[in-house]
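Here's the structure, in structure tokens; my notes come after.
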Amino acid sequence: MDAARERGVERLAESLRSAERIAVLTGAGFSAESGVPTFRDAMTGMWAKFDPLRLATPEAFAADPETVTRWYDWRRELLASCKPNPGHAALAELERWSRSRGSRLTVLTQNVDGLHHAAGGEDVVELHGSLRVWRCTKTGREVADPPFPFNEYPPRSQWGGLLRPGVVWFGEMLPPDAVEAAEEALATCDLFISAGTSAEVHPAAGFAQRAAARGAATAEINRDPTPISGLVDVSIRGMTGQVLPRLLELATAD
Ligand code: BV8
């Protein structure tokens, strides 16, 4: 690990050891090393291929439910072969380590892939819903992990409606229970870490600023610079799958 990155990780490990309430915001970059395409990477990102801003909206689903549900079922099938990476495992271990010393670490994820839970994370808030849950457009009732691929697009629900993915589309409100949990973490954290996110999708993009305004220590771990890189106390340029294990090692060393 290069010297500047190592120094940043050492500083963040120190903050972790003295923090009592930690909030970690994660985005698509956290799952990139698991093979899940992010929204912005030119070669693999879905912005280039499918323009999520166009497809990830209620309007697109209303206009063309077949294309939208095919896209989400394709992503769901892709996810089936994706496993948590060392970054997910290290973060789940940091959560357990925090709990063992009487502090608390909450993961606020923008990802809909379920990989934090798959890695053993427990205190995880899915801000943008989950691709594993599909919801009836008529009754709002949810179906967890419906068999894929669907045999028709758009898939019909058993209650006479259509099935839509249980994710938050652009222009939709975040789930109230997720908002409540995120607000509680933001209001009480003394350390806020943003990891693997472009910090451009709201309201999550504003979390670092809000934590800093309350006096929490702030840090970012990201491959590329983002709009919050200049705002946080510690900005670590790196891959979460490599930085998180090193952070765990330094933070938990006796
Ligand atoms: C809402 C589910 C009320 C669907 C997603 C204020 C200002 C401006 C706009 C708005 C605003 N308030 C609301 C908006 C509108 C909108 C918005 O933010 N638009 C953006 C485009 C400007 N927000 C909303 O509509 C939200 N709803 O606020 O309701 C409202 C509504 C309208 C108007 C006002 C208020 C709902 C947003 C949720 C949308 N749903 N996902 C699906 O998955 O299909 S968001 C979607 O984008 C994913 O969740 C994904 O996570 C996210 C993209 O962001 P990132 O996660 O950061 O991923 P990205 O690819 O962008 O970046 C990856 C990063 O990782 C990069 O920086 C890269 O360098 C880094 N990286 C890559 N590999 C690695 C790595 N880092 C480390 N290690 C690596 N290995």
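Just so you know, these numbers come straight off a predicted model, no measurement behind them. Numbers for residues simply follow the sequence, beginning at 1. First listed ligand is number 1; within each ligand, the first listed atom is number 1.
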Open item on the list: Could you tell me if the side chain of Val234 sits less than 4.5 Å from the side chain of Ile236, heavy atoms only?
Closed with: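 The answer is yes; the side chains approach within 4.5 Å.
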If I take atom [atom1] from residue [X] and atom [atom2] from residue [Y], how far apart are they, to the nearest 0.5 angstrom?
X     : Y      : atom1 : atom2 : value
Tyr72 : Thr67  : OH    : OG1   : 12.5 Å
Trp74 : Leu79  : CH2   : CG    : 10.0 Å
Arg17 : Thr252 : CZ    : OG1   : 8.0 Å

Please tell me whether [X] and [Y] are part of a single hydrophobic cluster in this structure, the criterion being side-chain heavy atoms less than 4.5 Å apart.
X      : Y      : result
Leu127 : Val133 : no
Val232 : Val107 : no
Ile22  : Leu25  : no

Atoms of ligand 1, numbered as shown, that sit under 4.0 Å from any heavy atom of [X]:
X      : result
Gly27  : 56 (O)
Gly238 : 77 (C), 78 (N)
Ser198 : 54 (O), 55 (P), 57 (O), 59 (P), 61 (O), 62 (O), 64 (C), 67 (O)
Glu172 : 1 (C), 26 (C), 27 (N), 29 (O), 36 (C)
Glu200 : 20 (C), 22 (C)
Pro203 : 28 (O)
Tyr72  : 4 (C), 42 (C), 44 (O)
Ala32  : 73 (N)

Polar contact flag for [X] and ligand 1 (N/O pairs, less than 3.5 Å):
X      : result
Met239 : no
His128 : yes
Phe170 : no
Glu33  : yes
Gly171 : yes

Open item on the list: Please tell me whether Thr26 and Thr109 have a donor and an acceptor in their side chains that are separated by less than 3.5 angstrom.
Closed with: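 Distance-only check passes for Thr26 and Thr109.
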Task: Within-shell test, Gly196 vs ligand 1, heavy atom, strictly < 4.0 Å - done: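 It does, in that a heavy atom of Gly196 comes within the 4.0 Å cut-off of ligand 1.
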Task: Ionic contact status for Arg7 with Glu10, cut-off 4.0 Å - done: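 Salt bridge flag = no for Arg7 with Glu10.
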Task: Salt-bridge contact Glu93-Arg96 (side-chain N to carboxylate O under 4.0 Å) - done: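 So Glu93 pairs with Arg96 through a salt bridge.
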Among [options], which one puts a heavy atom closest to [atom]?
atom                    : options                        : value
atom 67 (O) of ligand 1 : Leu53, Asp224, Asn222          : Asn222
atom 71 (N) of ligand 1 : Gly29, Gly129, Ala195, Ser130  : Gly29
atom 55 (P) of ligand 1 : Ile236, Thr197, Leu55          : Thr197
atom 75 (C) of ligand 1 : Met173, Arg223, Gln242, Glu126 : Arg223

Which is it for [X] and ligand 1 at heavy atoms under 4.0 Å: side chain, backbone, both or neither?
X      : value
His202 : both
Ala28  : both
Arg75  : side chain
Phe30  : neither

Open item on the list: Run the side chain to side chain donor-acceptor pair (under 3.5 Å) test on Thr106 and Arg21 for me, step by step, so that the C-alpha distance in whole Å, both residues' side-chain angles and the decisive distance to 0.1 Å come before the verdict.
Closed with: CA-CA 8 Å; Thr106 300; Arg21 186 79 179 80; 3.0 Å; yes
Open item on the list: Against the six-membered ring of Trp97, is Arg99 placed for a cation-pi contact (under 6.0 Å from the centre, within 45° of the normal)?
Closed with: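 Pair Arg99/Trp97 does not count as cation-pi.
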- [ ] Flag this pair as yes if the NZ/CZ of Arg76 is under 6.0 angstrom from the six-membered ring centre of Phe150 and inside a 45 degree cone about the axis; otherwise no.
- [x]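 Yes; both conditions hold, so Arg76 lies above the ring face of Phe150.
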